[in-house]
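Heads up: the structure comes next, in structure tokens.
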Amino acid sequence: MNVVRTVADLRAAVTRARNDGKRIGFVPTMGNLHAGHIALVKKAGQRADFVVASIFVNPLQFGPNEDLANYPRTLTADQDKLFEAGCHLLFAPSVEEMYPHGQAMQTIVRVPGVSEGLCGGSRPGHFDGVSTVVTKLFNMVLPDLAVFGQKDFQQLAVIRTMVRDLNMPVQIIGEPIVRAEDGLALSSRNGYLSTEERALAPMLYRILGEMAEAIRNGDRNFPALLAHGHQALLTAGLRPDYLEIRNAVDLQPAASDTNELVILVAAFLGKTRLIDNLIVDATQPSPL
Ligand code: PAF
């Protein structure tokens with residue numbers, strides 16, 4: 001696996017691969033890679049001939065009181081994992097390489113609608129930072145396809161909308177959430193949890209599962225379900241940021257006859273903010 005740090009070297013390596021007739025797959029990340037990221041790289045390898053990954057902790061998508069300074073940076077271990085997963089090229093730029101004219105004067109890509117509310121409501125400017133850096137990375141790599149995790153469900157919806165609205169010639173693939181055995185969705189931020197918090201964290205998924213089962217069993221009283229879920233989170237020791245049932249296609253609030261649903265949650269466990277979601281096909285009866 002080749003590692004490049006500049007846009008010029010990245011472009012030269014991707015151009016060589018494209019000139020060899022290869023289809024380019026891209027997996028953007030912020031590093032501290034876990035099995036969820038590796039699944040994205042492997043999916044890119046199944047769909048493309050040449051896999052490019054990026055590791056860049058993007059300052060533009062962090063709020064002033066968020067964890068930018070403490071975000072885990074584990075480049076050496078990440079390189080080994082990417083190599084084993086079949087990645088061909090890693091782009092690991094500096095902040096100066098990505099934002100050579102500074103962040104304050106950076107042109108911003110804003111995706112209205114789908115980026116508002118949920119994480120966009122709690123983290124003002126976050127999705128502007130994501131859509132801007134992903135646009136820049138797409139323009140640098142020029143991939144045929146790019147793979148993103150469904151754990152960041154709203155992020156995936158923002159990127160799909162951006163690609164559609166700006167006619168970007170890249171296919172977006174969403175990859176299902178990878179979970180620990182106890183159900184906790186894998187996340188780089190899980191490493192912030194204390195032993196006691198880590199033991200409580202799977203309650204997030206359990207509560208989503210109970211709500212999903214109720215919906216599949218015909219319960220369409222969403223306000224009551226949400227109130228119950230909210231209380232269950234508090235009882236489990238989690239502090240809900242939001243808990244919502246939305247239309248899984250456009251992320252609009254779900255109507256009682258919407259069948260493709262997604263339950264989305266963000267909650268604090270101590271100082272750590274965890275997110276998770278569960279897609280629910282309300283036409284399928286509960287498997288239990
Ligand atoms: O999901 C992430 O890790 C980041 O938001 C992304 C897509 C790499 C942009 O910085």
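As the structure lists them, so they are numbered: ligands from 1, and atoms in each ligand from 1. Along the sequence shown, residues carry numbers from 1.
- Annotation for ligand 1: atoms under 4.0 Å from non-hydrogen atoms of V133 are 9 (C), 10 (O).
- Ion pairing between R273 and D241 holds under the 4.0 Å rule for side-chain N and carboxylate O.
- Of the polar atoms of Q155, at least one N or O is found under 3.5 Å from an N or O of ligand 1, judged by distance alone.
- Closest protein heavy atom to atom 10 (O) of ligand 1: Q61 OE1, 2.6 Å.
- Side-chain contact between R5 and P93 is absent, with no heavy-atom pair separated by less than 4.5 Å.
- By heavy-atom distance, the residue among G36, P28, A146 lying nearest atom 8 (C) of ligand 1 is P28.
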Run the numbers on L278 and Y205 for side chain to side chain contact (heavy atoms under 4.5 Å, CB included), then give the verdict.
-> CA-CA 8 Å; L278 197 52; Y205 180 54; 3.9 Å; yes
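- Residue contact check: T29 has heavy atoms under 4.0 Å from atoms 8 (C) of ligand 1.
- Nearest heavy-atom pair across T132 and I108 is OG1-CA, 3.5 Å.
- Of all protein heavy atoms, the one lying nearest to atom 3 (O) of ligand 1 is M30 CG, 3.6 Å.
- Using a 4.5 Å cut-off on side-chain heavy atoms (C-beta onward), N2 and H88 make no contact.
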